[in-house]
Every structure is written in C-alpha cells, then in structure tokens.
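Working notes, structure below.
The analysis underlying the following values was restricted to heavy atoms, covering all of them including side chains, and did not include hydrogens, waters or symmetry mates.
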Amino acid sequence: MTGGSVWNTPAAERVAALRERYAAAGEPDAGLSDLELLNAAYESVLREQIDTRDRYMGLLTGRRKHDDAVQDAAARGLAGRAERYARAAVSRYMSPYHGLLNRIESLPDRPGARQMEGLRQAAEMVRHELRYTPEHPAQLQDPEGARHTLRTLRHVVGVLDEREGLNGDDVLRLVKNALNDEAPTDLFAVADRGTAKPTPPPQAPPFAGPDWAALGGFWAYQPDGSGAHVKAYPVGEDWYLDLWSDGGQMLAFGTVPETEVAALAPALVARADDWARDRSEYAWRRFANAAQATRTTSPRPDRSEPAPAPERAPQPNGSRVRAATATSPVRPPSVIATSPATALASAHPAPPAAPRRSR
C-alpha cells in the first residue's frame, strides 16, 4: 500500500494500490483481473503467516533446548554440592553414636558394675543429645522454617532495591517484619515514597558499527540505500537474527554466535531482493545456508583479542526508523507516530502490507 491504514479499505482501492505497486516495481500484472490480483495478494499474505508461524516454532524449539541445557548444568553442579553437604550432615548427626560405640568396644570381657553404670549414663546422654540437637534431620531440611522467611526477605529486598531516597526506619522495620514472619503489608506503599533508580544504557555489542542502531532492547542493521533490514537480539549466549524486506516480508531467521553477526547481517541484506521474489524455500533454511556460506568465506576472528566495542552506541536516524517500523509487519501505524526508540520497543503485531506477487 502507498499509505494509510490497511483496514476497512474498499476492494477497488486495494486493487488500484496493488497495480500501482506492480507498476512501480516494473513488474506488469500480466492482464490479471481484479479477482485474480486480490487472490494473488491473499496467497502471499497466507504464505507470510505460514513463515511467521514457522519462525516462532523454531524459536520456541531453540529456547526449549537452551533451557534444558541450563537446567542440566545447574542440576549437575548442585548434585555434587548436595552430596558433600549430606555426608557432612550425617557425619555430625552420627557423632554421638560413634562415641557410644567406642566406649562399648573398650569394655573388658567381664565388665564390672561401675563400668556398666557408666555405659548406661553414656547411652542416656547420647539419647538426650540426639533428641535436642539443633542438627536434627527435620531441622537440617528446613531449620526453623527458614525457607519461607528467606523467600519473604528476598521479596522485600528485591522491591526496595529498585528505589532510591527511602526512609531508613521504614526499610529496617520491613526487614525485621520479614525475619519475624510478619507479612509486609505496606511494602509497596513504602517503595512508592522513593524514586526509581536510573538504569544505565545497555552496552553495545562487539558487532555494532556503521549501519547498526540500538532500538530499545534490540539492534537493527540497515545500510544506506537499502529498504531491507536485519533485527537482532540476544538469546542466551547467542544472537537471534531475522531479515525483513522493504515490503514487510520476513525472509529469513535463525540464531548464531555473537562473533558471526557482523559478517552475517550484510550477507542477509544482500540476498533480500532475490529472496523477496522467490519464496519457495523455508526461511530458516535460507538463514542456515547463508550462515554456513558466510563462515566458509569470512576469515576467522582472532579469539585471543576480542573486538573492541564502540564507545557510543549509534543512534537511529529518522529514515531508518521509518523503514524499520513501516516495513515490518510487527509495527502498527499508531506506534510509528511515537518516538523511534519507544515505537520499536513497545510495538504489537499488526498485519503486513501486501507483498509483491510471487513468481
């Protein structure tokens, strides 16, 4: 579409706009009727929906694998520490038994009355120690209900830590209440009396250089004179990239290590025009093939010397913000009218513009 909203548009105006796009792109409509032209646009939009669903299913699958790997690593680390803690706790709890056994082993073959009386007193002492020891198994698992207390205290500290200028007496009272298992009923009322802590700007990643712009939580790559652009944001230790055409088509998506982003983003943008005309291949497969081709043609970076990060994150200019928002199907018109950083950070899904006719 040339402008305005895509909603509530009469069919005649929609057909006229589609013919204008074909004429502007130098692609004749081959004498298609209005119904055939609308049907071709519908098939293109349906293809976009399939590609987008495929994209998010791939993202969810990759995220699940990452979460499983993190959980397995945490479980392996905790297993060793838990085993050492259990051995030490059992050893301390069994120490009175060991003392009693040592006394029994030192008895003669025919113990006297005084020796038997001493043994009975030692057994009574062991029973008393085991009954009132602070390291009873129940106390070792949850001493004095400390789990609930620690959870409450962590919640109180977490809320108050985000605020500045709070009254020290109020903070101390809330902490004492949490330690005494009293509900912090006025926690948020106390927190509202302070001011939010300023958050430092995010550090620019190593690949952020010319043609890159920080856009409120993610990064965008768009060289001058190109309508296509790449969006990138971190997923664990890797970076997720997706390629968008100037017509709002999602052309490729996938995840690569941070060291490959700088070389892969220009390679994706260079293929955008060809991929926009030919939609016969899966978006994730195009991404994987491009990433592999970039690895084989690009020199390997020197891992001993990390690339220096730029001193200041590049800021987006007006034309790039309009291109990144107007061409992506996840940017509604109401958001584009706001400031660039806010628009790109808080946008919600909206239907894409009618793409070019597939050949």
Side-chain angles (χ1 to χ4, degrees), residues 63-64 66-82 84-86 88-89 92-93 131-205 208 213-219 233-237 239-240 309-313 315-316 330 332 334-335 337-349:
R63 187 57 184 262
R64 183 181 61 187
H66 172 74
D67 292 343
D68 291 343
V70 171
Q71 290 179 0
D72 293 343
R76 288 193 300 269
L78 290 175
R81 291 195 294 270
R84 292 193 297 270
Y85 176 79
R92 288 195 301 268
Y93 186 71
R131 179 179 301 175
Y132 297 102
T133 178
E135 295 185 353
H136 192 273
Q139 291 294 325
L140 290 174
Q141 293 178 359
D142 189 10
E144 299 181 359
R147 291 182 179 178
H148 174 73
T149 302
L150 289 176
R151 281 197 299 266
T152 306
L153 185 60
R154 187 181 296 111
H155 173 66
V156 170
V157 174
V159 172
L160 299 180
D161 187 55
E162 300 297 328
R163 314 295 291 182
E164 290 182 340
L166 298 176
N167 183 278
D169 294 337
D170 291 336
V171 174
L172 184 60
R173 175 177 55 81
L174 290 172
V175 172
K176 288 181 177 179
N177 291 346
L179 293 175
N180 294 329
D181 291 333
E182 298 180 13
T185 55
D186 60 339
L187 171 62
F188 292 99
V190 172
D192 288 340
R193 299 170 192 165
T195 57
K197 286 185 178 180
T199 56
Q203 185 178 3
L215 302 176
F218 63 96
W219 289 79
Y233 59 86
V235 179
E237 297 180 355
W239 280 75
Y240 174 84
E311 297 181 357
R312 182 175 181 274
Q315 300 298 321
V330 294
S334 59
V335 176
T338 60
S339 62
T342 305
L344 290 170
S346 61
H348 299 284

Closest approach of [X] to [Y] (non-hydrogen atoms, all atoms of both residues):
X    : Y    : value
W239 : P205 : CZ2-CB, 3.9 Å
A178 : T152 : CB-CG2, 4.0 Å
A208 : W219 : CB-CZ3, 3.6 Å
P184 : L174 : CB-CD2, 4.3 Å

- Message: Show, in sequence, the C-alpha distance, side-chain angles and deciding distance for N167 and V190, and conclude whether the side chain to side chain contact (heavy atoms under 4.5 Å, CB included) test is met.
- Response: CA-CA 8 Å; N167 183 278; V190 172; over 6 Å; no

- Item | Pair listing, salt bridge (charged side-chain N to carboxylate O under 4.0 Å, His left out) test, anchored in residues 152-167, at least two apart | D161-K197

- Task: Hey, could you give me each pair passing salt bridge (charged side-chain N to carboxylate O under 4.0 Å, His left out) that has a residue in residues 168-178? Not counting sequence neighbours.
- Result: D170-R173, D170-R193, R173-D186

- Query: Does the pair L187 and V156 meet the rule for a side chain to side chain contact (heavy atoms under 4.5 Å, CB included), with working shown?
  - Reply: CA-CA 7 Å; L187 171 62; V156 170; 4.0 Å; yes

- Item | Point-to-point distance, once rounded to the nearest 0.5 Å, from CG of L160 to NE2 of H155 | 9.0 Å

- Message: Can you list everything that forms a side chain to side chain contact (heavy atoms under 4.5 Å, CB included) with D72? Sequence neighbours excluded, please.
- Response: R76

